[in-house]
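Fair warning: this is a prediction, and the values are worked out from it, not measured in the lab. Lettering of chains follows the sequences in order, A, B, ..., and the numbering in each one begins at 1.
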Amino acid sequence: MSQDSKLPQYRMGLPIPHSKLGMWLFLATEIMFFSAFIGAYIVLRAGSPGWPTDANITHIHVWAGGLNTFVLILSSFFVVLALEGMKAENFAKARRYLCLTFLLACVFLGIKTYEYYGKFSHDILPGHIPETPRMAIDKSMREMKQVVDSRTIALANFKPPAKSEPAKTEESVELAGVTDEKTKEITPPVEILRQKLQAELEAPDTSESRKKELAAYFALETKFIDLNKRALNESITLTEMNQELDALRKNPDYGVFLAPVHHLQPIIYGNLFASVYFLLTGFHALHVVIGMIMFVIVLIQGKRLCEKWNDYVENIGLYWHFVDLVWIFLFPLIYII
Amino acid sequence: MSEQQSHSYVKYSTIFFALCICTVLSILFDFIDLREKSLLGLKGVVLLSLVVLSIACAKALFVMIYFMHLKFEGRWKYVLLSPTIILAMGLTIAMTPDIGIHYYVDESPQVDYLKQAQQATPENGSANNAEKSHVE
């Protein structure tokens, strides 16, 4: 390019390594990516009067978010120290801090898993949340019907153990009602099974323990039919239904089977809230996982870590700071406001 | 360069502590619960959002300027970052009138129920109390 070699060589582009430029450009696209979600969240939040904010309803705990913020900030600090170590050719120090960062990322995901577990166990999932008392009562009746039906199938299959029915409650209901293409044999409808059980209960040769089980099942079923009738003609309120369900759960005979029936809690805009929550935190968690993979790549170098890796460590550092940055905004937006 | 590096170690830890203090501050504001209070004509959620988001912006700037070394970079940083930041904010602002501001009548069951719930507070209160009994 230059004809005279004595002239100072012109360097094309920016005075930074290409990889770093690439990383910054990538981070610029990432800013757009997250700001689309965060922007959507802000706009939806502002447009929905009565957005759920009560921690007892949404099961969002400020302490968990705050702890995660601290974990990420600390890990960001460690990444900076690791880069310092790399630049000072103190690779042992760099390795130590990268390792600590990786561990902190694990802690972050651990706390996140705990939070997600809380959401799943209270069924705070997009599309699952009743938003009015009516919807809550309908949902509890659907869940209870599943429990009763799966209990019917379980009891009917008790005698011939050769044919095993899937343990999943949701599947078994579908199988009982609709003939799935995947099932070769046509499973008898729940009603027929129920009649069989009724006959078995009345039969004299049924064993005592079996009779007790069947009696418990029929008690549960009667209770369900009663509650369902009241729910259908709208003569039961949300509080009453919760009291009834709590009483059923305490029943020694069939209380244990009612675990899949959730406590009724209508949340206005709950589904929108859950969608946004899982979208934002899920994509952030995905970024954390990708960051961890990149840390592993440098950590498995072990003692071979040398100054060739300087740019790499700097770039994953930049990426990690960005992940931290996103969380810095997500924390107040989701956990506090 | 070496001189800069030797004291930058101290500086990084200062930034780290500043970030921690900011986090504690935002948690404190959550506990104070600014929703009920008003200040400078702003009140409720607006005030809380303003305070907490400005703390977040301060933290973000600390991270970007010091941890991401933007302070020590050339002018290319402005070329690279200003368009994205302008576009990112523009996106949110562009969406606001459509979704964020209700200038059309909405017939959502949520809003209907909210009105009902506000009218009949005693029943709602008892439902909330029942909910509190099973917090993890």
Side-chain angles (χ1 to χ4, degrees), chain A residues 14-16 21 24-25 28-29 31-32 35-36 38-40 42-44 46-50 54 56-57 59 62-63 66 69-70 73-74 76-77 79-81 84 87-88 118 121 131-133 237-239 242 263 265-266 268-269 317-318 321-322 324-325 328-329 331-333 335-337, chain B residues 5 8-9 12-13 15-16 19-20 23-24 26-27 29-31 35 45 48-49 52-53 55-56 59-60 63-64 66-69 73-74 76-77 80-81 83-85 87-89 91-92 95-96 98-102 109-114 117 123 126-128 130-132 134-136:
Chain A
L14 298 168
I16 50 170
L21 176 64
W24 268 109
L25 281 172
T29 65
I31 293 173
M32 290 300 297
S35 62
I38 292 175
I42 293 173
V43 166
L44 290 172
S48 315
D54 188 351
N56 293 316
I57 292 174
H59 298 282
V62 172
W63 63 263
T69 313
F70 174 74
I73 289 174
L74 188 62
S76 247
F77 177 52
V79 167
V80 170
L81 293 185
E84 289 271 290
K87 282 187 174 158
S121 65
E131 302 204 11
T132 63
T237 65
L238 182 73
T239 330
N242 260 332
H263 183 91
Q265 179 63 61
I268 306 169
Y269 289 114
L318 285 174
H321 295 314
F322 174 78
D324 184 20
L325 216 65
I328 283 175
F329 282 105
F331 170 58
L333 281 172
Y335 290 81
I336 295 180
I337 296 173
Chain B
Q5 263 178 14
S8 63
Y9 185 85
Y12 286 139
S13 54
I15 297 298
F16 168 67
L19 287 170
C20 287
T23 309
V24 171
S26 33
I27 294 172
F29 278 115
D30 181 59
F31 279 116
R35 270 175 248 279
V45 183
L48 179 71
S49 327
V52 180
L53 284 180
I55 294 174
K59 280 160 81 179
V63 171
M64 285 175 80
Y66 292 100
F67 282 2
M68 296 171 98
H69 301 121
E73 300 290 3
W76 58 265
K77 63 191 171 194
L80 204 67
L81 289 176
T84 36
I85 288 168
L87 284 172
M89 291 172 81
L91 182 74
T92 312
M95 278 198 290
T96 308
D98 237 9
I99 314 168
I101 302 167
H102 284 265
Q110 293 99 329
V111 176
D112 294 343
Y113 174 60
L114 181 69
E123 195 202 313
S126 63
N128 280 345
E131 169 64 22
K132 270 169 196 151
H134 78 115
V135 177
E136 328 130 287

### Which atoms of B/Leu81 approach chain A - backbone, side chain, both or neither, heavy atom under 4.5 Å
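Contact with chain A: side chain only.
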### Query
Where does B/Leu91 contact chain A at under 4.5 Å (heavy atoms): side chain, backbone, both or neither?
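It is the side chain, since no backbone atom gets that close.
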Quick one, [X] and [Y] - any side-chain contact, counting heavy atoms below 4.5 Å?
| X | Y | result |
| --- | --- | --- |
| A/Pro332 | B/Ile55 | no |
| B/Phe29 | A/Ile336 | no |
| A/Asp324 | A/Ile328 | yes |

### Message
Would you compute the distance between atom CZ of A/Phe77 and atom CG of B/Leu19 and round it to the nearest 0.5 angstrom?
### Response
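A/Phe77 atom CZ to B/Leu19 atom CG measures 10.0 Å (nearest 0.5 Å).
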### Query
Highest number of heavy-atom pairs under 4.5 Å with chain A: which of B/Gly74, B/Cys20, B/Pro83, B/Ala60?
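Looking at each of B/Gly74, B/Cys20, B/Pro83, B/Ala60 in turn, B/Ala60 comes out on top.
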#### Entry: Interface residue of largest heavy-atom contact number with chain B, from A/Thr69, A/Ile31, A/Leu21, under 4.5 Å
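That would be A/Thr69.
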### Task
Compare every heavy atom of A/Tyr335 with every heavy atom of B/Asp30, then report the nearest pair and how far apart it is.
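So the two residues come closest at OD1-O, 4.4 Å.
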### chain B contact via A/Leu25 - side chain, backbone, both or neither, heavy atoms under 4.5 Å
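Both parts, backbone and side chain.
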### Query
Side chain, backbone, both or neither: which part of A/Leu325 has an atom under 4.5 Å from a heavy atom of chain B?
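Just the side chain, heavy atoms under 4.5 Å.
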